[in-house]
Amino acid sequence: MAQIEIKNVAKSFGAYQALHDINLTIEDQEFMVLLGASGCGKSTLLRIIAGLETATTGKVWIGGRRIDNLSPKDRGISMVFQNYAVFPHLTVFENIGFGLRMQKLPNDEVTRRVERTAGLMHIEQLLKRYSGELSGGQRQRVAVARALAMEPDVILMDEPLSNLDALLRMEMRAELKGVLAESKTTAIYVTHDQVEAMSMADRISVMHEGKIVQAASPIEVYRNPSAEFVAGFIGNPPMNFLPANPAESGKWQVAGQVIDGPGASAQLKFAIRPEDLRLADDGFKAVAKVIEPLGAHLLVTCEVDGQLFRAVLDSDFKVKPGEVLNLTPQPDRVRWFDPQTTLAVA
Amino acid sequence: MSDATADAVAPDTRATGRYLYIASVVFLCAWVIVPIYFLLINTLSSPETVNSFPKPFWPEFDLGSLTFFAGFAGMLTALKNSVIVAAMTMVMSILIGAPAGYALSRFEFPGKGLFRLLILLTRAFPLPLLALPLAVMFIQTGLDDTAFGLALVHTTLAIPFAVLITFSLFSGIPMELEEAAWTLGCTRLTAFTKVVLPLILPGITASAIFAFVISWNEVFAAAVLTIENRTLTAFLLQNLDTSPLHLKFAGGFILVVPALIFIFAVRKYLFAMWGIANR
């Protein structure tokens with residue numbers, strides 16, 4: 001059982017406040033991804049949990065044990081670093097067994113666990129090599145095997161795949177997800193790659209300027225972003241926004257169209273994902289500006305009412321720059337945000 | 001047409017540049033090698049050849065001058081003193097310099113920039129400025145004419161290098177390696193001994209040998225601060241002043257060769273720590 005509880009954690013570096021009052025509970029065996037742009041505080045939060053950084057205020061529990069005053073080695077965690085941090089003076093075998101040797105486990109137990117985790121990461125044939133003789137992908141496998149061999153309560157990963165090339169990253173992503181699910185450890189995974197986050201996470205915590213904006217399942221974060229930031233950050237391309245003025249009760253005037261929406265409020269923002277737009281006889285008048293055929297679909301960047309607006313259309317659809325399209329939103333996919341609070345309005 | 005001119009001009013300038021490059025390399029090599037070559041030739045020549053001109057290209061392998069030194073009274077004691085002082089300098093400058101280098105590389109503290117500057121500044125003062133007051137102080141404290149006293153002065157000379165070299169060595173070890181060790185059950189100390197130390201040991205050895213050579217080559221402080229327990233440099237300086245030319249050459253040779261051998265042995269690390277790629 002290793003539930004992680006983070007209560008009121010804040011961190012400042014001099015005058016700069018990197019984290020503001022973070023509260024988060026991560027369930028036992030959950031795969032939690034901290035997602036955000038660089039400088040949002042996600043790595044700082046991870047390093048506070050690991051004990052490599054000390055929180056200015058706040059408390060952290062792992063499995064009901066308060067750990068924020070313990071040194072990293074006593075926290076029951078292990079960590080995978082972005083640059084792998086494989087020890088260059090030790091063989092792969094000794095790297096994976098490093099933590100076990102520190103625990104003074106008997107030799108045959110070390111061998112058993114090293115061989116098991118090496119098998120899990122498919123690097124049995126590399127055990128005698130040194131880090132200098134390995135490729136980036138292999139080093140990453142060693143780093144993960146080393147973390148798993150500790151059989152930790154919690155495994156922490158700081159952008160572990162970002163130094164790999166695109167194809168390898170996709171392969172490792174799926175493999176890592178499988179291995180971690182099997183090992184039944186709680187995992188916290190830091191990334192700035194939303195595709196990685198969506199594909200691996202049980203739950204995503206979207207971070208922005210030292211705060212957690214939304215913590216929910218990937219599909220929830222995608223479909224029902226709790227704030228304008230999340231809507232504009234998740235999705236490639238992100239959500240489209242248009243200003244909305246109240247018409248009659250429950251109806252909103254958006255770029256010359258009347259659309260059903262929530263009651264009340266003086267002004268709202270209308271939001272729709274590019275793939276939730278359909279061509280129709282009636283709808284937003286969109287002037288096509290840039291047409292990008294992406295194979296699977298066609299990305300059309302247009303202008304609606306002077307605002308940037310993107311639509312993802314069928315790749316067979318023929319359109320030229322300057323043409324006017326009629327785009328209509330799928331009604332159940334429309335979202336609304338309050339421009340004052342930037343939060344979602346139901 | 002324009003192609004033809006370009007063809008004619010481009011290789012020409014490249015060739016000139018190449019000749020210039022080769023000439024500079026040859027000149028710089030000669031600058032270092034020629035004096036050492038003459039030292040070698042004259043050391044291995046009979047007294048008559050040393051004083052004659054022109055010199056033969058090949059040495060005569062007359063070991064007369066060197067055998068003279070081997071039997072010279074006090075020579076072995078001076079050699080022993082040199083080794084003792086240099087060894088003490090080596091140990092002390094690493095023991096003091098390496099922790100300072102580690103602190104500079106791993107921690108942010110107020111005055112860090114100033115500290116680095118001051119370390120360099122210690123080399124800005126000429127040794128005579130330091131040696132005479134030190135001699136007075138050493139006599140007062142009884143440190144004069146001892147190997148330890150001289151080693152202290154040599155350590156002062158070697159420390160700036162030890163600090164800056166180890167600083168760059170430690171900076172070359174990614175912080176993540178230490179952090180990974182901490183998460184794998186190490187304390188700060190065991191992470192250092194199990195991860196950082198094995199990685200920098202070759203570099204530390206190189207900078208230790210560098211300190212050794214600094215002490216080995218140092219003559220001024222050695223001449224001022226010792227009388228009975230002279231190191232080799234001070235001993236030779238004192239005795240060769242009035243010796244014939246061929247013995248001066250042989251004495252110089254005896255001094256230069258060990259330093260050359262040491263530097264040659266650790267050249268790879270010296271290049272590496274001065275930021276020159278060696279691969």
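Worth knowing before you read on, the calculation uses all heavy atoms, side chains too, and leaves out hydrogens, waters and symmetry mates. Order of the sequence lines fixes the chain letters, A, B, ..., with proteins taken first and strands second; residue numbering starts at 1 for each chain.
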Quiz item: Do A/Phe87 and B/Lys194 have side chains that get closer than 4.5 Å, going by heavy atoms?
Solution: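 Heavy-atom side-chain distance check fails, nothing below 4.5 Å.
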
Quiz item: Can you find a pair of side-chain heavy atoms, one from A/Lys73 and one from B/Trp182, that are under 4.5 Å apart?
Solution: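 With C-beta onward as the side chain, the pair stays apart.
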
Got a second to check how far [X]'s [atom1] is from [Y]'s [atom2], nearest 0.5 Å?
X        : Y        : atom1 : atom2 : result
B/Cys186 : A/Met102 : SG    : CE    : 3.5 Å
A/Ile77  : B/Leu184 : CD1   : CG    : 8.5 Å
B/Thr183 : A/Leu52  : OG1   : CG    : 7.0 Å
A/Asp158 : B/Glu179 : CG    : CD    : 9.5 Å

Is it true that, when you exclude [X] itself, more than 12 heavy atoms of the residues, nucleotides or ligands shown sit nearer than 6.0 Å to its [atom1]?
X        : atom1 : result
B/Phe109 : CZ    : yes
B/Lys80  : NZ    : no
A/Arg101 : CZ    : yes
B/Arg106 : CZ    : yes

Self-check item: Heavy-atom pairs under 4.5 Å with chain B, option from A/Ala149, A/Pro88, A/Ser78 with the top count
Solution: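 Most heavy-atom pairs under 4.5 Å with chain B: A/Pro88.
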
Exercise. Tell me, for B/Thr187 versus chain A, whether the close heavy atoms (under 4.5 Å) come from the side chain, the backbone, both or neither.
Key: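 For B/Thr187, the contact with chain A is made by backbone and side chain together.
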
Practice problem: Could you check which of B/Pro198, B/Ala180, B/Pro174 has the highest count of heavy-atom pairs closer than 4.5 Å to chain A? | Solution: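 Looking at each of B/Pro198, B/Ala180, B/Pro174 in turn, B/Ala180 comes out on top.
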
Quiz item: At a heavy-atom separation under 4.5 Å, does A/Arg47 approach chain B through its side chain, its backbone, both, or neither?
Solution: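 Only the side chain of A/Arg47 comes within 4.5 Å of chain B.
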
